[in-house]
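Since the structure comes first, as structure tokens, the remarks are kept for the end.
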Amino acid sequence: MVWPRSAEEAEKVQEDLRGLVRAEGDGREPRLVAGLDVAYGDDLIAAAVTVLDASSLEVVESSVVVDRPVFPYVPGLFAFRELPALLDALRALETVPDLLVCDGHGLAHPRRFGLACHLGILTGVPSMGVGKTFLVGEHVEPGRERGSWTPLVHEGETVGRTVRTQDGIRPVYVSSGHLIDLPAAARRVLELSPSYRLPETTRSADRLSRSALREASG
DNA sequence: GCGACAG
DNA sequence: ATCTTGTCGC
């Protein structure tokens, strides 16, 4: 796979692929939900994927790969930094997840093509984004109770939602990646976050990526 | 021109 | 993302 070498090339890739995104699902409940996250070291990155049973939230399979970053971190071009390693980790999986929960945004992106969209298009697997911090979109604070939410509006379009996953805790930013609609994505993040701010998918992948990085370096 | 800016 | 102790609060 040819990878962009400059920000200009990367933006063109996003412009070329954005039209393929379908923010609609088939309405079926996912059985296997995957969490993806990347940890950073001095000159190493560890990309982890954990596959959870959607009902029990137990991890049924996982994969992690340590690699070298091939693209710098640039807001809006984040996917080009994490995608290569994440794709490798996904390929090593025996099971095929029904949904990919990404650590970052999907449609809530300057060009409507964040990491979650990119990953969904490249894999053909439904995907959604759960960002810990804001990237784009005007919004107001949701109510303080778990479950309350407000729309994220960017350039006149609803691109995502702020969702309060725990009472009185900072909300997360949810958006569609590919093959899932926004209400379904928002519902999913709540089901995946019974006890903490972040979904269990992200939490398990985060633990795995960090331990792999420690093991690889020092 | 001056900020803002996923991880 | 990561560097990092104590500390406020349930």
Side-chain angles (χ1 to χ4, degrees), chain A residues 3-4 7 10-11 13-14 17-18 21 35-50 64-89 100-122 127-139 144-146 152-155 159-163 165-178 182 185 189 195-199 201-218:
Chain A
W3 214 242
E11 286 187 20
V13 170
Q14 294 182 327
L17 298 178
R18 55 182 293 183
V21 172
L36 304 90
D37 192 28
V38 176
Y40 296 80
D42 288 313
D43 196 36
L44 291 177
I45 64 174
V49 181
T50 52
V64 61
V65 46
V66 175
D67 205 343
R68 301 275 177 174
V70 298
F71 202 88
Y73 168 68
V74 180
L77 300 178
F78 176 52
F80 295 94
R81 183 169 175 74
E82 300 201 340
L83 225 34
L86 285 174
L87 288 171
D88 281 343
L100 306 178
V101 179
C102 305
D103 188 33
H105 301 94
L107 288 177
H109 174 278
R111 287 171 294 283
R112 303 284 186 283
F113 200 70
L115 172 67
C117 298
H118 208 146
L119 202 47
I121 291 299
L122 262 38
S127 63
M128 58 179 274
V130 180
K132 294 186 290 293
T133 61
F134 167 91
L135 178 58
V136 294
E138 302 94 51
H139 62 284
R144 80 171 299 287
E145 337 73 53
R146 162 182 159 84
L152 254 182
V153 180
H154 182 55
E155 296 175 342
V159 297
R161 287 183 184 178
T162 68
V163 177
T165 55
Q166 298 298 325
D167 291 357
I169 295 299
R170 285 193 297 152
V172 293
Y173 301 79
V174 180
S175 57
S176 295
H178 187 44
L182 181 55
V189 78
S195 312
Y196 297 92
R197 176 184 180 233
L198 299 179
T201 38
T202 299
R203 287 166 42 77
S204 55
D206 178 78
R207 289 192 296 265
L208 178 55
S209 63
R210 292 201 199 198
S211 64
L213 193 59
R214 278 181 301 163
E215 188 178 302
S217 46

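Letters A, B, ... mirror the listed sequences (proteins, then strands); counts begin at 1. Keep in mind the model is a prediction, meaning the values are calculated, not measured.
- Judged by centroid separation below 5.5 Å and plane tilt below 30°, Tyr73(A) does not stack onto the base of dA1(C).
- No side-chain heavy atom of Phe78(A) sits less than 4.5 Å from a side-chain heavy atom of Leu83(A).
- There is no side-chain donor-acceptor pair under 3.5 Å between Tyr73(A) and Glu82(A).
- In this structure, Leu152(A) atom CG and dA4(B) atom P are separated by 18 Å, rounded to whole Å.
- Judged by distance alone, the side chain of His178(A) and the main-chain N or O of Leu122(A) form no donor-acceptor pair under 3.5 Å.
- A cation-pi arrangement is not found for Arg161(A) relative to Tyr173(A), the charged atom failing to lie both closer than 6.0 Å to the ring centre and inside a 45° cone about the ring normal.
- Salt-bridge annotation for Asp103(A) and Lys132(A): present, with a side-chain N of the basic residue lying under 4.0 Å from a carboxylate O of the acidic one.
- Between His118(A) and Phe80(A), the distance from one ring center to the other falls under 6.0 angstrom.
- In this structure, CG of Leu115(A) is placed 19 Å from P of dC5(B), rounded to the nearest angstrom.
- Note on Leu77(A): a base of the nucleic acid sits closer than 4.0 angstrom, heavy atoms only.
- Using a 4.0 Å heavy-atom distance criterion, Gly76(A) is classed as a base contact.
- A side-chain donor-acceptor contact under 3.5 Å links Asp167(A) to the backbone of Arg146(A).
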Under 3.5 Å for both distances, Watson-Crick or G-U wobble, that's the pair rule; now give the dot-bracket for DNA chain C, with | marking pairs to another strand and [ ] for crossing ones. ..........
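- Taking 4.0 angstrom as the limit, Thr133(A) places a side-chain polar atom (N or O) nearer than this to OP1 or OP2 of dG7(B).
- Taking 4.0 angstrom as the limit, Lys132(A) places a side-chain polar atom (N or O) nearer than this to OP1 or OP2 of dG7(B).
- A side chain to side chain contact (heavy atoms under 4.5 Å, CB included) with Val174(A) is found for one member of Val101(A), Thr162(A), Val163(A) and no other, namely Val163(A).
- Across all strands shown, Phe134(A) has heavy atoms under 4.0 Å from sugar-phosphate atoms exclusively, and none from any base.
- The side chain of Phe78(A) lies closest to dG7(B), out of dT2(C), dC5(B), dG7(B).
- Checked by atom type, the side-chain pair Arg111(A)/Gln14(A) shows a donor-acceptor distance below 3.5 Å.
- In this structure, Leu36(A) places its CG atom 19 Å from P of dA6(B), rounding to the nearest Å.
- Between Arg81(A) atom CZ and dG7(B) atom C1' there is a gap of 8 Å when expressed in whole angstrom units.
- The distance between atom CG of Leu107(A) and atom P of dA6(B), rounded to the nearest whole Å, is 17 Å.
- Nowhere does DNA chain B pair in an unbroken run of 3 or more (Watson-Crick or G-U, both distances under 3.5 Å).
- Looking only at distances, no side-chain donor or acceptor of Ser209(A) sits under 3.5 Å from a matching main-chain atom of Ala47(A).
- If you measure from atom NE2 of His105(A) to atom P of dC5(B), you get 11 Å, rounded to the nearest angstrom.
- As rounded to whole Å, 13 Å separates atom P of dA6(B) from atom NE2 of His139(A).
- When the C1' atom of dC3(C) is taken as reference, atom CG of Asp42(A) falls 11 Å away, rounded to whole Å.
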